[in-house]
Amino acid sequence: AQKVTQAQTEISVVEKEDVTLDCVYETRDTTYYLFWYKQPPSGELVFLIRRNSFDEQNEISGRYSWNFQKSTSSFNFTITASQVVDSAVYFCALSGVTGNQFYFGTGTSLTVIP
Amino acid sequence: SQTIHQWPATLVQPVGSPLSLECTVEGTSNPNLYWYRQAAGRGLQLLFYSVGIGQISSEVPQNLSASRPQDRQFILSSKKLLLSDSGFYLCAWSAQGLNSPLHFGNGTRLTVT
């Protein structure tokens, strides 16, 4: 079965603090892809990153970084020096071997307090 | 570049009325198309997806149906809306292939009164 768990429902941090959003997944596929999306208050889901199951290198993009660990089936997302504009709901998602279906976690609502 | 259009942005409909939400994609061919619903609890529920014209897979039994009359057009319909159909409806597309992410439209906020 395919499943994504985001155990953190809501997180509040003060501006400039670092914050890590957790994502744990379950899959029987050997080939799969992991994604993170951001949903600001406007509602549209914005694609942030894609990672395939064969690439465990961590990735950094500006203040964003992602830590993929197959051993723990986790794909965590860290925002460094958070800003108010980072306030949003963040979703982790998994795509399996067919590539046609995406499984989303329930999302983590991040509030950055100025 | 590829774009996805979804309309209307907001809709208020009475119980028992029909529904038609439309989504079109530009700049790509033979995309996978999806309808998701997001209720107040924030989770994304996959309603339908399509890998080609006339090919619709339903994930959840419900009061809704979907159709794909053209390659880049995806329509979500209902003959009679229920109060429980209220929510935020998102259309999305992905390119064929394992590593293609989903790209979402701006969504339609439906309120059934």
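These values consider heavy atoms only, across backbone and side chains, with no hydrogens, waters or symmetry-generated copies. Order of the sequence lines fixes the chain letters, A, B, ..., with proteins taken first and strands second; residue numbering starts at 1 for each chain.
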Chemist: Verify the cluster assignment for B:Val51 and B:Phe48: are they in a single hydrophobic cluster under the rule of side-chain heavy atoms below 4.5 Å apart?
Modeler: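 Per the 4.5 Å side-chain linkage, B:Val51 and B:Phe48 are not co-clustered.
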Chemist: In this structure, would B:Leu83 and B:Val12 fall into the same cluster of hydrophobic residues linked by side-chain contacts under 4.5 Å?
Modeler: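 In one cluster: no.
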Chemist: Would you say NZ of A:Lys3 has more than 12 non-hydrogen atoms from neighbouring residues, nucleotides or ligands within 6.0 angstrom?
Modeler: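 No, not enclosed.
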Chemist: Hey, quick one: are A:Leu48 and A:Phe75 part of the same hydrophobic cluster, counting side-chain heavy atoms closer than 4.5 Å, chains of contacts allowed?
Modeler: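 Per the 4.5 Å side-chain linkage, A:Leu48 and A:Phe75 are co-clustered.
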Chemist: Tell me whether the count of non-hydrogen atoms from other residues, nucleotides or ligands lying under 6.0 Å of CD1 in A:Ile60 goes above 12.
Modeler: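 No.
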Chemist: Below 4.5 Å, heavy atoms only, C-beta onward: do A:Tyr103 and B:Leu46 meet side chain to side chain?
Modeler: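 No. Closest side-chain heavy atoms not under 4.5 Å.
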Chemist: Under 4.5 Å between side-chain heavy atoms, hopping through other hydrophobics if needed: is there a path connecting B:Val25 to B:Leu76?
Modeler: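 Yes, because B:Val25 and B:Leu76 connect within a single hydrophobic cluster, where side-chain heavy atoms sit under 4.5 Å apart.
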Chemist: Which value, rounded to the nearest 0.5 Å, describes the distance between A:Glu44 atom CD and B:Gln6 atom CD?
Modeler: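 So the CD of A:Glu44 and the CD of B:Gln6 are separated by 9.5 Å.
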Chemist: If we only count heavy atoms from C-beta on, is the B:Leu44 to A:Thr106 side-chain gap below 4.5 Å?
Modeler: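 Of all side-chain heavy-atom pairs linking A:Thr106 with B:Leu44, none is under 4.5 Å.
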Chemist: Distance from A:Phe35 atom CZ to B:Ser100 atom OG, nearest 0.5 Å?
Modeler: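 It comes to 7.0 Å.
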Chemist: Could you look at A:Gln6 and say if it's the side chain, the backbone, both or neither that has a heavy atom under 4.5 Å from chain B?
Modeler: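 The answer is neither part of A:Gln6.
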Chemist: Below 4.5 Å, heavy atoms only, C-beta onward: do B:Pro101 and A:Tyr37 meet side chain to side chain?
Modeler: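 A side-chain contact under 4.5 Å exists here.
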Chemist: Is A:Phe47 reachable from B:Ile4 through a run of I, L, V, M, F, W or Y residues, each pair having side-chain heavy atoms under 4.5 Å apart?
Modeler: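 Unlinked, B:Ile4 and A:Phe47 end up in two clusters.
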Chemist: With a 6.0 Å cut-off on ring centres, are B:Tyr34 and A:Phe102 close enough?
Modeler: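 Ring centroids of B:Tyr34 and A:Phe102 are less than 6.0 Å from each other.
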Chemist: Are A:Phe104 and B:Tyr36 close enough that their ring centers fall under 6.0 Å?
Modeler: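 Aromatic pair counts; centres sit under 6.0 Å.
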Chemist: Is it the backbone or the side chain of B:Leu102 that comes under 4.5 Å from a heavy atom of chain A, or both, or neither?
Modeler: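 For B:Leu102, heavy atoms of backbone and side chain both lie under 4.5 Å from chain A.
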